[in-house]
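Below is one structure, written out as structure tokens, with a few remarks after it.
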Amino acid sequence: MKQKIIIDTDCGSDDAMAIAMAMNDAKYEVLMISTVAGNVTLDQATDNTLLTLEKVNTYFPPVYKGCATMLNKKLFYAYETHGNDGMGDYGYKPTYLKCNKDNGILKMLEVLEKEPNKTIDIIALGPLTNIAVAFKLNPDSMNRARNIYVMGTSGLGVGNVSPVAEFNIWQDPEAAKAVVESGFPNLYFIGWDACLDDNMLDKDDIERISTSGELGKFVIEINRKLLEINYERFSGEFLDMADPAAMAAALHPECIDKCKKYYCEVDTSKGPSEGSVLIDVNEFSGKEPNAYIISHLIPSEYKNYLFKTLCK
Ligand code: RIB
Ligand code: CA
């Protein structure tokens, strides 16, 4: 019996690598993919998702559009990190797959209602707008999910869009707040810190994937903008792959090193700490922990899982 998952994505170049991992792990069945604006526009994220499924070419779960805008914040697309098309600006487009016309959020709820209770994991790789709206529309259906894994927060480290905020949370803080306050018991945040330091892909890792075949070449080349930025930042070839780290933690939990449940609070103020997530490590608040924070992976386990699912 395969473990069933739903992926929600703002499909940029690191989301694409994460989706490819999931599509290549035979232990899992991706029931559907919902898209959300974030790295790029909703339409672009949807095309990028379809393109990725074509490149992986294993099976083709339905892709549905979700929210084109955030709950209460204008969009700041991450073109500098992923390219104007989110996929390294090669001009790649899906050639035959089309997205389904149904609404992605309603479809997520429908799938959760149809499948047996607590048998589906949701893996969210973009701003939490779709997830928040789904909780608002029908919390009982969302609570039928087994686990919700989110690439989001700066974990126990620093931010990537401000000193304290990570992009997915910062892009829609109100949505993140709604999800954290939903009371869902198995909410896991994989922080940006989980893909840094010894979990960065180095030159050898990058070469191993990019020379392994067509898919490996694709998932590396579409991250060329980030490679260029990192060459400046770190004077060498490195890739901090946030969504792949989150996907690995969700699908290959043997790679999780540091994971603990804390009381978390999302800052929706419009000040310098907007979009940060206060993680009450030292329990100052005395409040009940409400989310797990995965802040470090075991590099060998993480990277071997990447190689296993991408080097095809
Ligand atoms: O902060 C990194 C996250 O923001 C990743 O999910 C990336 O794809 C962007 O959505
Ligand atoms: Ca993403």
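It should be emphasised that the depicted structure is a prediction, and the values quoted were computed from it without experimental measurement. Whatever order the structure lists ligands and atoms in, that order sets their numbers, starting from 1.
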In the protein, which heavy atom is nearest to [atom], and how far is it?
atom                   : value
atom 6 (O) of ligand 1 : D243 OD1, 2.6 Å
atom 8 (O) of ligand 1 : D14 OD1, 2.5 Å
atom 2 (C) of ligand 1 : E166 OE2, 3.4 Å

When rounded to the nearest 0.5 angstrom, what is the spacing between [atom1] in [X] and [atom2] in [Y]?
X   : Y    : atom1 : atom2 : value
Y64 : I33  : OH    : CD1   : 11.0 Å
E54 : K93  : CD    : NZ    : 12.5 Å
M17 : N223 : CE    : CG    : 5.0 Å

Q) Should the pair W170 and F76 be assigned to parallel (<30°), tilted (30 to 60°) or perpendicular (>60°) ring geometry? A)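 Tilted.
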
**Q.** Check: E113/S141 side-chain N/O donor and acceptor closer than 3.5 Å
**A.**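 Yes, because at least one side-chain N or O of E113 sits under 3.5 Å from a partner of the opposite role on S141.
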
**Q.** Nitrogen or oxygen of G126 less than 3.5 angstrom from that of ligand 1
**A.**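 No; the residue has no nitrogen or oxygen that sits under 3.5 Å from a nitrogen or oxygen of the ligand.
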
(Q) I want to know if ligand 1 touches W192 in the polar sense, i.e. an N/O pair below 3.5 angstrom. (A)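 No: no nitrogen or oxygen of W192 is under 3.5 Å from one in ligand 1.
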
(Q) Report the atom name of the nearest N/O/S atom of D10 relative to the Ca ion (ligand 2). (A)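 For D10, the N, O or S atom at the smallest distance from the Ca ion (ligand 2) is OD1.
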
Q: Check all N, O or S atoms of D243 and name the one closest to the Ca ion (ligand 2).
A: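 Atom name of the closest N, O or S in D243: OD2.
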
[X] contact mode with ligand 1 (heavy-atom cut-off under 4.0 Å):
X    : result
V161 : neither
L125 : backbone
T81  : neither

Q) Can you give me the O-the Ca ion (ligand 2)-OD1 angle for L125 and D15, to 10°? A)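 Rounding to the nearest 10 degrees gives 140°.
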
Which atoms from ligand 1 have a heavy atom of [X] less than 4.0 Å away?
X    : value
N168 : 3 (C), 4 (O), 5 (C), 6 (O), 9 (C), 10 (O)
N160 : 1 (O), 2 (C)
M151 : 2 (C), 3 (C), 5 (C), 6 (O)
N39  : 7 (C), 8 (O), 9 (C), 10 (O)
F167 : 1 (O), 4 (O), 9 (C), 10 (O)
D15  : 8 (O)

(Q) Do the side chains of K65 and D43 get close enough for a salt bridge, i.e. N-O under 4.0 angstrom? (A)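 Yes, charged N to carboxylate O under 4.0 Å.
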
Q: Look at E174 together with K73 and state whether they make a salt bridge at an N to O cut-off of under 4.0 Å.
A: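 Salt bridge flag = no for K73 with E174.
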
(Q) Set out, in order, the CA-CA distance, both residues' side-chain angles and the distance that settles side-chain contact (heavy atoms from CB on, under 4.5 Å) for N39 and C11, then state yes or no. (A) CA-CA 7 Å; N39 282 319; C11 201; over 6 Å; no

Q | S162 and E274: CA distance, side-chain angles, deciding distance, side-chain hydrogen bond (donor to acceptor under 3.5 Å, both in side chains) verdict | A | CA-CA 9 Å; S162 84; E274 175 189 6; over 6 Å; no

Q | Side-chain touch V56/F218, heavy atoms, less than 4.5 angstrom | A |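 In short, these two side chains do not touch, never coming nearer than 4.5 Å.
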
Q.
Do K287 and Y262 form a cation-pi contact, if we require the NZ or CZ to be under 6.0 Å from the six-membered ring centre and within 45 degrees of the ring's axis?
A.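 No cation-pi geometry.
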
